[in-house]
Amino acid sequence: MSSASTVFIVIGVILALAATIVAWIMIVPENKRPKLNKFFQYLHDLFNFKSLWLEKILKFLYIFETFACVIVGFVLLFNFSSYSGIYGRSHVRWNGWIGLLLMIFGPIINRIIYEFLMMIVLLVKNTMDINDKLNAQPGSRYQEKLAEAQRREEEAAARRAAKEAERAAYAQQQYMQQQYAQQQQQQQQQLAQQQYEQYGQQYEQQRYDQQYPQQNMQQNPQPEAPEANQDNNG
């Protein structure tokens, strides 16, 4: 076997193991069956041996062997063979008795053998039917286990929903805090911008006053002192 074939075989075994684990967790448990579609419900019944294929196979083989005994025996009724006698004369011998015995005793022996086999299969099948009926009754151990499994699953779903709600509330709170922080930052930026513009205007006014002091004095004349006015009047 080449190394490439070995690698493919190992990969196939690993994938088969992964598929088995997934089926064991998601399909085989009894409490998973109501949530499965028809195909996966069929797989669930197949993996849990809810139906016996051996019964159908044995029935098919019994019917086939019965017809084979009758038809082959009937064909052998016309079987003849020739042989040489003591004095060299050729004789014809009829071998149809083999076919006759096969037609008579073949179906009987075949029936007895398959009856023993079917007794075992039907015993197992009837036991399974009885267990299914007992499990279907309310208050049975199976129903209690199923109810317990459903209760646990509902509790797990409720815990998951609570965690999701808590996560969503935390995310909403974080979002609101972020929005509030952004608003505060924007307000601070606007206030800083206003202060910057105000300081800029004051600085420009100071520079203008320093460069053109006379013009500023004409625009803003100082009032004369009242005593000087009174002296002039006197």
Side-chain angles (χ1 to χ4, degrees), residues 1-2 4-6 8-34 36-137 140-143 145-146:
M1 185 180 295
S2 63
S5 300
T6 305
F8 282 115
I9 291 174
V10 172
I11 293 174
V13 172
I14 294 174
L15 292 177
L17 180 61
T20 302
I21 294 173
V22 172
W24 184 264
I25 296 174
M26 303 301 297
I27 299 177
V28 174
E30 191 65 30
N31 58 344
K32 300 289 185 180
R33 192 180 190 282
L36 301 175
N37 56 23
K38 292 183 179 180
F39 175 72
F40 288 106
Q41 285 181 357
Y42 170 76
L43 292 180
H44 171 84
D45 296 338
L46 178 66
F47 294 155
N48 286 285
F49 293 93
K50 293 295 183 67
S51 61
L52 298 177
W53 287 13
L54 183 60
E55 179 184 4
K56 299 177 182 179
I57 294 173
L58 290 177
K59 288 180 180 180
F60 177 83
L61 292 177
Y62 166 72
I63 296 171
F64 170 74
E65 293 179 7
T66 302
F67 278 113
C69 290
V70 175
I71 294 173
V72 173
F74 180 77
V75 173
L76 289 177
L77 290 176
F78 304 96
N79 184 21
F80 296 90
S81 62
S82 60
Y83 66 95
S84 299
I86 299 175
Y87 301 103
R89 294 180 181 179
S90 61
H91 299 276
V92 177
R93 182 170 58 190
W94 179 63
N95 296 325
W97 61 274
I98 299 175
L100 186 62
L101 292 176
L102 184 62
M103 290 176 65
I104 295 173
F105 294 102
I108 296 174
I109 296 173
N110 188 44
R111 178 74 183 189
I112 293 172
I113 293 172
Y114 277 95
E115 279 186 358
F116 278 108
L117 296 175
M118 289 299 296
M119 283 175 61
I120 299 172
V121 174
L122 292 176
L123 179 63
V124 174
K125 183 179 179 181
N126 291 333
T127 304
M128 292 172 62
D129 293 338
I130 293 172
N131 288 333
D132 291 338
K133 291 179 181 179
L134 291 176
N135 292 331
Q137 294 179 356
S140 63
R141 233 174 128 187
Y142 172 78
Q143 292 293 335
K145 289 183 178 180
L146 185 60

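Values below: every heavy atom of this structure, side chains too, minus hydrogens, waters and symmetry copies.
In terms of heavy-atom proximity, W24 sits nearest to P29 at O-CD, 3.2 Å. Closest non-hydrogen pair, K32 versus M26, comes out as CB-O, 3.6 Å. Scanning both residues, L36 and Q41, for their nearest heavy atoms gives O-NE2, 3.1 Å. Nearest approach of P107 to L102, heavy atoms of both residues: CD-O, 3.4 Å.
Contact of the V121 side chain with the L52 side chain is registered, since non-hydrogen atoms from C-beta on lie closer than 4.5 Å. Looking at heavy atoms from C-beta onward, R33 lies out of side-chain contact with N48 at the 4.5 angstrom threshold. Residues Y42 and D45 form no side-chain contact, since every pair of their non-hydrogen atoms from C-beta on lies 4.5 Å or further apart.
Evaluation of the ring pair (Phe, Tyr, Trp, His ring centres under 6.0 Å) test over residues 97-121, restricted to residues two or more places apart or in two chains, returns Y62-Y114. Among residue pairs with one or both ends in residues 8-17, none qualify as side-chain hydrogen bond (donor to acceptor under 3.5 Å, both in side chains); sequence neighbours excluded.
To the nearest 0.5 Å, atom CD1 of residue I108 and atom CD1 of residue I113 are 12.0 Å apart. Here the OG1-CD1 distance, from T66 to I71, works out to 10.5 Å after rounding to the nearest 0.5 Å. Between the CG atom of L46 and the CD1 atom of I27 there is a distance of 10.0 Å, given to the nearest 0.5 Å. To the nearest 0.5 angstrom, L54 atom CG is 8.0 Å from M118 atom CE. Atom CG in L117 sits 12.5 Å away from atom CD1 in I112 (nearest 0.5 Å). For the atom pair I104 CD1 and I109 CD1, the distance stands at 11.5 Å (nearest 0.5 Å).
Partner I14 forms a side-chain contact (heavy atoms from CB on, under 4.5 Å) with one of V10, I11, L17 and no other, that one being V10.
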Can you check side-chain contact (heavy atoms from CB on, under 4.5 Å) on V70 and F67, steps first, answer last?
-> CA-CA 5 Å; V70 175; F67 278 113; 5.7 Å; no

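Taking the six-membered ring where tryptophan is involved, the planes of F64 and F60 are essentially parallel, since the angle between them stays under 30° and well short of 60°.
Under the rule for a side-chain hydrogen bond (donor to acceptor under 3.5 Å, both in side chains), the partners of K125 that lie at least two apart in sequence or sit in another chain are E55.
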